[in-house]
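Only one structure is covered here, and it is reproduced in the block below.
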Amino acid sequence: MSETHDPSKVEEAAAAHDAKLTPFTIFRYVASIGLLIFSIIIVGALMFTGNTRVASETNPWVAIIVCILAVVWLSMIEGQQASLVGLPPVDPDLYKDSHPVTYKNAALAFKGDNLDRYLMGRQFMVLLVVFVINQCAGPLDPTVDVLGLPDGVKLVFLDIGLGMIIFTCILGQLTTQVNASHCMIDFINNYFALFTLYTAMAVEFSGIMHCSYLIQNILSAASG
């Protein structure tokens, strides 16, 4: 058996990515989980007061559902980027049969300059989805009572937006980026990923962001 397939080597490589559970590390994990749970509760309660744009103009349940769908799509957008950026060195024949949808994603993304075009489109999508989340979960009036919390807590978590930042970053961005970077082939082996890729390509094709190419050429010429 070759060294690259030695079980002991595989275990050592996996162990290298594991964090040692020191008391300080455990404290940070617990604090992060606590902040995430509290942020979800306070933002959800805010939406049920009808004190967000979507909740006030439609219904709190509409705001909740749209916000969840937006976070789910954001998680795919962010995770897919980690997968597609990391996959080019991998031979597609290695996963062509075992992961056919991943192969379809890669075949489209790695054709010509499609990867650059995808990255352009997905950046617009990230900003759009985050804007939708803000419309669903951002407070209209930060002074309105939410769970009887003190004004200082509401100021930090709702008015400044720390609560929305925490659950959006953890659930919609960082977690999926980490998972996708370690499971690049598995993460995009689904048609949701393929749909997201086509959507990003369509956004770039629309030309909304094409002034970026002009700015790139100007900066490139200016730098020599």
From Asn105 CG over to Met184 CE, what is the distance, rounded to the nearest 0.5 angstrom?
13.5 Å

Should Tyr191 and Ile185 be counted in the same cluster of Ile, Leu, Val, Met, Phe, Trp and Tyr side chains packed under 4.5 Å apart?
yes

Where is the tightest heavy-atom contact between Ala180 and Ala82, given as atom of each residue plus distance?
CB-CB, 3.9 Å

With a cut-off of 3.5 Å and sequence neighbours excluded, list every side-chain donor-acceptor pair involving residues 29-48.
| unit_1 | atom_1 | unit_2 | atom_2 | d |
| --- | --- | --- | --- | --- |
| Ser39 | OG | Leu35 | O | 2.7 |

With no hydrogens and no angle check, is any side-chain donor or acceptor of Thr102 less than 3.5 Å from a backbone partner on Asn189?
yes

Sequence neighbours left out, cut at 3.5 Å: what donor-acceptor pairs do the side chains of residues 157-174 make with other protein atoms?
| unit_1 | atom_1 | unit_2 | atom_2 | d |
| --- | --- | --- | --- | --- |
| Thr168 | OG1 | Met164 | O | 2.7 |
| Gln173 | NE2 | Glu78 | OE2 | 2.9 |

Would you find a donor on one side and an acceptor on the other, under 3.5 Å apart, between the side chain of Asn51 and the backbone of Pro139?
no

Give me the atom names and distance for the closest heavy-atom approach of Cys136 to Thr52.
O-OG1, 2.9 Å

Could you tell me whether a side-chain N or O of Asn190 sits under 3.5 Å from a main-chain N or O of Ala193, the two making a donor and an acceptor?
yes

First locate atom CZ of Arg117, then atom NZ of Lys111, and finally report the distance between them rounded to the nearest 0.5 Å.
10.0 Å

For a quick check under 3.5 Å, do Gln81 and Arg122 share a side-chain donor-acceptor pair by atom type?
yes

Take atom OH of Tyr103 as the centre, draw a 6.0 Å sphere, and report whether it contains more than 12 heavy atoms from other residues, nucleotides or ligands.
no

Set of residues satisfying salt bridge (Lys or Arg N to Asp or Glu O under 4.0 Å) with respect to Asp151, sequence neighbours excluded:
Lys154

Closest heavy-atom pair and its distance - Gly50, Ser56
O-CB, 3.3 Å

Below 3.5 Å, can you tabulate the donor-acceptor pairs from side chains in residues 63-77 to any protein atom, sequence neighbours excluded?
| unit_1 | atom_1 | unit_2 | atom_2 | d |
| --- | --- | --- | --- | --- |
| Trp73 | NE1 | Thr196 | OG1 | 3.0 |
| Ser75 | OG | Val72 | O | 2.4 |

Distance col, row Leu119:CG vs Leu84:CG, nearest 0.5 angstrom, shows 8.0 Å

Quick one, Asp116 and Met120 - any side-chain contact, counting heavy atoms below 4.5 Å?
no

Could you give the distance from CG (Leu197) to CE (Met201), rounded to the nearest 0.5 Å?
6.5 Å

For residues 124-131, which side-chain donor-acceptor pairs fall under 3.5 Å, sequence neighbours excluded?
none

Approximate separation, where rounding is to 0.5 Å, of His99 NE2 and Phe187 CZ:
13.0 Å

Would you please name every residue forming a salt bridge (Lys or Arg N to Asp or Glu O under 4.0 Å) with Arg28, sequence neighbours left out?
none

Whether over 12 other heavy atoms sit under 6.0 Å from Arg53 CZ
no

Quick check: is Phe205 connected to Leu115 through a chain of hydrophobic side chains (ILVMFWY, heavy atoms under 4.5 Å apart)?
no

Indicate if Val90 and Leu108 have the same hydrophobic cluster label, given that clusters are the connected sets of ILVMFWY residues with side-chain heavy-atom separations under 4.5 angstrom.
yes

Are Val153 and Leu155 connected, step by step, through hydrophobic side chains (Ile, Leu, Val, Met, Phe, Trp, Tyr) whose heavy atoms are closer than 4.5 Å?
no

Same cluster (ILVMFWY, side-chain, under 4.5 Å), Tyr118 and Ile208:
yes

Counting only heavy atoms from other residues, nucleotides and ligands, does the tally under 6.0 Å from CZ of Phe192 exceed 12?
yes

